[in-house]
Amino acid sequence: TSTFQMADINMQEQIVALEKRAAAAEGTLNKLSKTNTAGADNTVVLGRLVELQKLIGEDKIEAETVRAQRDELKKENEELKTDVSKLNYRIKHLLRTIEELEATKA
């Protein structure tokens, strides 16, 4: 497993964790908004709802950032693989030429 694949797996795990947190927060938010808070201070509940909405938004932004970084790294990795392939091709032919030159000298 390459370093890139490990990084991709780590980013995938981060995205999944963020999505789970967002889903859990949304679930809590829905429960709180549906619950009849008879006797409870509505301003406290509303404050908590606003806080949860903010956290959900932050988690979604973070997940999108991680996705964007992952996509950028995938693109960079493909470019690097292409460069390595081209360089390996050049090395192969340079070595062949050197061997041919050495053979003609001998």
Side-chain angles (χ1 to χ4, degrees):
T1 306
S2 71
T3 303
F4 176 75
Q5 289 171 329
M6 294 298 290
D8 188 41
I9 291 169
N10 187 31
M11 285 185 174
Q12 289 286 21
E13 290 170 354
Q14 285 178 327
I15 291 170
V16 169
L18 289 170
E19 288 174 342
K20 284 181 181 179
R21 276 184 25 199
E26 284 177 334
T28 303
L29 181 65
N30 287 334
K31 286 178 187 177
L32 286 173
S33 63
K34 290 178 183 178
T35 301
N36 182 0
T37 57
D41 186 3
N42 283 337
T43 56
V44 172
V45 173
L46 289 176
R48 182 70 178 136
L49 288 173
V50 169
E51 181 183 333
L52 286 172
Q53 287 174 330
K54 180 182 173 188
L55 291 173
I56 290 169
E58 290 171 358
D59 284 349
K60 286 182 180 181
I61 290 169
E62 188 176 345
E64 287 304 315
T65 301
V66 170
R67 276 193 187 105
Q69 289 173 342
R70 180 201 61 206
D71 293 344
E72 186 177 316
L73 288 172
K74 279 184 178 182
K75 181 181 176 186
E76 181 182 353
N77 187 36
E78 289 304 315
E79 291 170 356
L80 291 172
K81 283 181 181 180
T82 301
D83 289 346
V84 167
S85 177
K86 288 178 183 179
L87 292 172
N88 282 334
Y89 177 82
R90 289 181 71 191
I91 290 168
K92 176 183 172 183
H93 288 283
L94 288 171
L95 288 173
R96 183 182 302 157
T97 302
I98 291 170
E99 289 172 0
E100 289 172 0
L101 290 172
E102 288 176 348
T104 56
K105 285 183 181 180

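Nothing here was measured: the structure is a model prediction, and the numbers come from that model.
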Kindly write out the residues that satisfy side chain to side chain donor-acceptor pair (under 3.5 Å) with [X], not counting sequence neighbours, or none if the list is empty.
X   : answer
K60 : E26
E58 : none
E64 : R67

Approximate separation, where rounding is to 0.5 Å, of [X] [atom1] and [Y] [atom2]:
X   : Y   : atom1 : atom2 : result
E76 : Q69 : CD    : CD    : 12.0 Å
L80 : N77 : CG    : CG    : 6.5 Å
K20 : D59 : NZ    : CG    : 13.5 Å
R48 : L52 : CZ    : CG    : 4.0 Å

query = If every non-hydrogen atom of L101 is compared with every non-hydrogen atom of T104, which pair is closest and at what distance?
reply = O-OG1, 2.8 Å

request  = Give a yes or no answer on whether the side chain of S85 reaches the backbone of K81 with a donor-acceptor pair at less than 3.5 Å.
outcome  = no

ask   = Same cluster or not: are L73 and V66 linked, directly or through other Ile, Leu, Val, Met, Phe, Trp or Tyr residues, by side-chain heavy atoms under 4.5 angstrom apart?
value = yes

message = A side-chain contact here means heavy atoms from C-beta on lying under 4.5 Å apart; do N88 and K92 qualify?
response = no

Side-chain ion pair, E72 and K75, N-O less than 4.0 Å =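 The answer is no: the pair does not qualify as a salt bridge.
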
